[in-house]
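Presented below is the structure to which this report refers.
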Amino acid sequence: MDLALSRRRPRREAGFSLIEMVVASSFLLVVALGLVPLFTQALIHNESGASSSDVSNIARSRLEWFNQLPFNSPPLTIETGTEKVLEQYFSAIDQRWHDGVPPTMEPVLWTATVTVRQYNNEAFEDDQLEESEALPADTPTVAVHFKQLQVEVEAAPRAASLGPVRQITLATLKAQ
């Protein structure tokens with residue numbers, strides 16, 4: 001007898017009605033729409049983190065390249081004033097660094113500004129290195145004890161970029 005009763009179910013227990021399906025679908029849609037901003041934020045943060053890592057690595061690489069040059073090499077020699085500023089860009093076309101400002105139509109991945117200042121030991125007496133203590137270009141080479149190398153790298157803005165443009169500034173001292 002139990003078997004016969006289990007085969008005969010009332011019509012309302014036979015499955016889902018159209019109204020139940022619409023309610024369930026609406027609920028699922030609301031939950032899914034609530035998750036979309038989370039995925040968007042994750043995408044933005046992922047892109048931002050990758051951009052920050054790239055800029056940081058490029059800045060370290062440029063700083064190391066300049067730090068390996070001989071102390072009185074031409075890129076580290078100040079011709080006028082108290083500092084030398086070098087503009088460079090990394091071309092997306094040939095994947096190389098070039099001196100100067102990029103041409104207006106050339107796609108650029110990164111730009112770098114390298115600033116070189118020279119100091120003597122007296123600049124460190126107060127444990128503070130001030131730009132005003134930088135030695136002028138005509139200082140004899142024996143009086144120059146340190147050179148400050150400062151590299152500022154900025155990622156070029158991309159049309160499809162998510163988040164702000166990243167930049168970083170690193171500095172080091174090079175002793176003679």
Side-chain angles (χ1 to χ4, degrees), residues 34-137 139 141 143-176:
L35 293 177
V36 168
L38 295 176
F39 286 115
T40 305
Q41 285 297 319
L43 181 65
I44 290 170
H45 290 301
N46 190 23
E47 175 74 20
S48 177
S51 178
S52 293
S53 294
D54 288 346
V55 169
S56 178
N57 290 335
I58 293 296
R60 283 190 201 106
S61 174
R62 295 313 301 154
L63 190 61
E64 283 298 318
W65 188 87
F66 278 95
N67 203 24
Q68 291 177 5
L69 295 173
F71 192 78
N72 290 320
S73 66
L76 301 181
T77 302
I78 299 171
E79 291 94 16
T80 60
T82 59
E83 67 183 21
K84 181 175 192 172
V85 178
L86 303 166
E87 298 284 335
Q88 298 182 323
Y89 66 93
F90 191 84
S91 172
I93 296 172
D94 63 4
Q95 300 289 305
R96 292 184 37 213
W97 284 99
H98 299 277
D99 291 331
V101 178
T104 55
M105 297 306 292
E106 183 165 354
V108 172
L109 297 177
W110 299 284
T111 59
T113 304
V114 181
T115 306
V116 181
R117 294 182 192 95
Q118 54 191 15
Y119 297 91
N120 59 18
N121 289 335
E122 294 172 8
F124 292 104
E125 287 178 354
D126 61 354
D127 293 331
Q128 295 271 336
L129 191 62
E130 305 285 336
E131 286 183 29
S132 60
E133 297 172 318
L135 300 173
T139 304
T141 56
V144 177
H145 303 122
F146 298 95
K147 291 192 179 182
Q148 180 190 38
L149 306 174
Q150 179 178 311
V151 176
E152 181 179 318
V153 174
E154 183 174 304
R158 293 177 285 204
S161 179
L162 299 171
V165 173
R166 298 293 178 191
Q167 84 176 50
I168 190 170
T169 302
L170 299 175
T172 190
L173 293 175
K174 181 176 182 65
Q176 185 164 343

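This one's a predicted model, so the numbers in the text were calculated from it and none came from an experiment.
K174 contributes no side-chain N or O that, together with a main-chain N or O of F71, makes up a donor-acceptor pair within less than 3.5 Å. Using modelled atom types, one side-chain atom of Q118 and one backbone atom of P136 make a donor-acceptor pair closer than 3.5 Å. The main-chain N or O of S53 is found under 3.5 Å from a side-chain atom of N57 such that the two form a donor-acceptor pair.
The nearest pair of heavy atoms linking K84 to P74 is NZ-O, 2.7 Å. Of all heavy-atom pairs spanning V144 and Q176, the tightest one is O-OE1, 2.7 Å. Here the shortest heavy-atom pairing between N121 and H145 reads N-ND1, 3.0 Å. Of all the heavy atoms in L76 and V116, the pair that sits closest is O-CG1, 3.7 Å. Scanning all heavy atoms of the two residues, the minimum distance from A171 to Q148 falls at CB-NE2, 4.4 Å. In this structure, A59 and V151 approach most closely via the heavy-atom pair O-CG1, 4.2 Å.
Counting heavy atoms from C-beta outward, L129 and F124 have side chains that approach closer than 4.5 Å. The shortest side-chain heavy-atom distance between R62 and V114 does not fall under the 4.5 Å cut-off. Side-chain contact check for P103 versus Y89: some heavy-atom pair is nearer than 4.5 Å. Considering only heavy atoms from C-beta on, V153 stays 4.5 Å or farther from F90 through its side chain. Side-chain atoms of T111 and E87, non-hydrogen and from C-beta on, never get closer than 4.5 Å to each other. Between L86 and T113 there is no side-chain heavy-atom pair separated by less than 4.5 Å. Put simply, the side chain of E122 does not reach to within 4.5 Å of the side chain of E133, judged on heavy atoms.
Between the CG atom in L149 and the CG atom in L173 there is a gap of 8.0 Å [rounded to 0.5 Å]. Note that the CD1 atom of I78 and the CZ atom of R117 stand 8.5 Å from one another [nearest 0.5 Å]. Here the OG1-CG distance, from T40 to L35, works out to 10.5 Å after rounding to the nearest 0.5 Å. The distance from atom NZ of K147 to atom CD of E83, rounded to the nearest 0.5 Å, is 13.5 Å. Note that CD of E130 is 6.5 Å distant from CG of D126, once rounded to the nearest 0.5 Å. Taken to the nearest 0.5 Å, the CG atom of L109 stands 9.0 Å off from the CH2 atom of W97.
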(message) Test side-chain contact (heavy atoms from CB on, under 4.5 Å) on F66 and T172; report intermediate values, then the result.
(response) CA-CA 10 Å; F66 278 95; T172 190; over 6 Å; no

